[in-house]
Amino acid sequence: MARDVALGLKEAQRMVDIIGRPEDQVGEEERKRIALETVENFAHHINKGFLEYRKSVTEAGEFAVTEWVGQGSILRDALGREYIDALGGFGLYSLGIRHPKVVAAVKAQLDRSPQYSQEMLDPLRAHLGKVIAAITPGDIQYGFFANSGTEAVEGAMKLAKFYTGKPGFIAMLRGFHGKTLGSLSLMGKSVFRQPLLPLLEGVRHVPFGDADAVEKALAAAKAVGDGIAAVVAEPIQGEAGAIVPPDDFWPRLRELCDHYGVLLIADEVQTGFGRTGTLFGVDHWDVTPDIMCFGKALGGGVVPMSAFFSTPKIWKVMEPNPFMHTTTTGGNPLACAAALAQITVTLGEDLPRQAAEKGDYVLGKLREFQSRFPQILQEVRGKGLLIGMEFPTDEVGFKVAAGLFSRGVLTAGTLTNAQTIRIEPALNISYELLDELLNRLEDTLKSLA
Ligand SMILES: *Cc1c(COP(=O)(O)O)cnc(C)c1O
């Protein structure tokens, strides 16, 4: 695009004006224009590929579906069409969209100080550290805050390398930990990883849920003298399609890591804060990892936030020079306010228990659908409200997602396994909305049967 600074200013001003106006003062014509321009801007300035990939969104009638307002588990597009959010922003919206308590805390903090000076001590970050230390298992006590899940994993990897002095990692097939170069090294799927090789050296992948394979990999690394810093896994694999490991997996990982003197990193970016029916994913098996990574729901679905936490013993290596790992905006006061409010809601409203009960309810219904439509719905799995439905092919999966979308339900495939569609709504979604969602799913399955 040819340089045109005046146009840049005019266009920036136009959108600032629109978002500054109350909802009822953005007219229908203007919303239509926004919907049309969004498609155009995606094509010209973001990535045309998304328009192709999000077919069900772009082919929804005359106007593409353009996200505009959300509240709780309902999304409304720029033209006022409503959708039930069964995707929860891939786990971001555990509290639903714009939870009033989180919004209030962030607005209040916004009126004090949105970012920190970088030099004075910031009370919210320190306080949030204490709160997370109190609610995490075992002797997890010290943490570092960042903005995205992948940054939390990067930090955890650095900490493991600092502490052990070893370079390698054992990661899981189909595992997902983010897409920056370090965390991408742990990725368990070739398509995202292979074009960027060589990534970090010394990463070995083993099948998720197979503790014997982890043991073999640790033994082999030891036998040939390859140093391993940590074993990294999601408690329940999210992007792979809600894969729940056997019950002995995490306890055995703990034993193996202790035996081989290797750290155990639990990537709780998606499973943390109630998603799977316990406060943290590892709580299903009463395991205390050495390092835990958080993200997505941590910021209450209002401010991006992530963190990695560890024990006093391990954290000691960060003390001599605290500048070995830093970020300018991580753990900013707005994000900390959001996280503190998120935790009050998660614990105060017992969202883990809600997730467990609603998850059982949804899984029960889905198993019933599976027995009625076995040709289409081949497998149903998950824990809490991290649920995957598996279809025979990608195409069938896409048809189900598109069918749901045309019936006003937002879902998506999973990233490392396109045959699986997820059901990952807010943990506080009402049973009425869950029933509505299940009715529309049943209708979709019927139409495909
Ligand atoms: C989403 C996710 C990440 C990456 O988080 P981003 O905020 O997208 O960088 C890492 N680990 C797990 C388990 C995730 O689900």
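Counting starts at 1 for both ligands and their atoms, in listed order. All heavy atoms count here, side chains included; hydrogens, waters and symmetry mates do not. What you see is a predicted model; the values in this text were computed from it and never measured.
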Note to self: Taking non-hydrogen atoms within less than 4.0 Å of ligand 1, which protein residues qualify?
What the structure shows: Ser148, Gly149, Thr150, Phe176, His177, Gly178, Glu234, Asp267, Val269, Gln270, Lys296
Note to self: Just to verify, what does Glu395 make a salt bridge (charged side-chain N to carboxylate O under 4.0 Å, His left out) with, not counting sequence neighbours?
What the structure shows: none
Next item on the list: Applying salt bridge (charged side-chain N to carboxylate O under 4.0 Å, His left out), name anything that partners Asp139, two or more places apart in sequence or on another chain.
Entry: none
Check: Does a side chain donor of either Thr150 or Ser183 reach within less than 3.5 Å of an acceptor in the other side chain?
Finding: yes
Next item on the list: Would you mind listing every salt bridge (charged side-chain N to carboxylate O under 4.0 Å, His left out) that reaches into residues 278-294, with sequence neighbours excluded?
Entry: Arg254-Asp290
Notebook entry, point to check: So, Gln270 side chain and Lys296 main chain: donor-acceptor pair closer than 3.5 Å or not?
Noted result: no
Next item on the list: Over 60° means perpendicular and under 30° means parallel, so classify the ring planes of Phe144 and His325, tilted if in between.
Entry: tilted
